[in-house]
Amino acid sequence: LPISRHRGTLHFISEDYTTAHEDFQRSLDLQRNQPIAMLYKGLTFFHRGLLKEAIETFKEALKQKYDFIDAYKSLGQAYRELGNFEAATKSFQKALMLDQNHVQTLQLSVDRKS
């Protein structure tokens, strides 16, 4: 795996989302088909409030790995943050169809923003 992806993960854990984004992008430039790096790139957008960019990136991760539960869950969270509850529900339902026991998705699907 490219070193940039590992460095990006460390920056992400440290909540340095801008630097993490740069590292994930560098890794994806070297090897495009990396759904996990694509997911984390989307999460760097999400945590900086760039929800539309996050949604597009999560969709890209799903093109690379159609059964990627965490990408559906993250997509649902981004839609929910934007107030698009219909799209959020669809994303959470897709995650649940892939794994009925995915407790985190079950919790997200019933949580409502106050």
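The figures that follow rest on heavy atoms only: side chains count, while hydrogens, waters and symmetry mates do not.
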Testing the basics here: between [X] and [Y], what is the closest heavy-atom pair and its distance to 0.1 Å?
X   : Y   : result
R80 : F85 : CG-CE2, 3.6 Å
G76 : A88 : O-CB, 3.4 Å
A71 : L39 : CA-CD1, 3.8 Å
F58 : L43 : CE2-N, 3.6 Å
A20 : G8  : CB-O, 3.4 Å
F92 : K73 : CE2-O, 3.5 Å

Are [X] and [Y] packed together at the side-chain level, in the sense that at least one heavy-atom pair is separated by less than 4.5 angstrom?
X   : Y   : result
F12 : H47 : yes
R5  : I36 : yes
Y79 : S91 : yes
K41 : E60 : no
M38 : R32 : yes
T9  : F24 : yes

Could you check whether H21 and T44, counting side-chain N and O atoms only, form a donor-acceptor pair closer than 3.5 Å?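 Looking only at side-chain atoms, H21 and T44 do form a donor-acceptor pair, the distance falling under 3.5 Å.
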For Y40, look at atom OH and say whether over 12 heavy atoms of other residues, nucleotides or ligands are found less than 6.0 Å away.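 It does not: Y40 OH has 12 such atoms or fewer within range.
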Spacing of [atom1] belonging to [X] relative to [atom2] belonging to [Y], to within rounding of 0.5 Å:
X   : Y   : atom1 : atom2 : answer
Q31 : S4  : CD    : OG    : 11.5 Å
K63 : N33 : NZ    : CG    : 12.5 Å
K52 : L50 : NZ    : CG    : 11.0 Å
L51 : L82 : CG    : CG    : 4.5 Å

Answer with yes or no whether the hydrophobic clustering places F68 together with Y72; edges join I, L, V, M, F, W, Y residues whose side-chain heavy atoms lie under 4.5 Å apart.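 Yes; Y72 is reachable from F68 via cluster members.
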Pair R26 + D29: basic N to acidic O under 4.0 Å: no
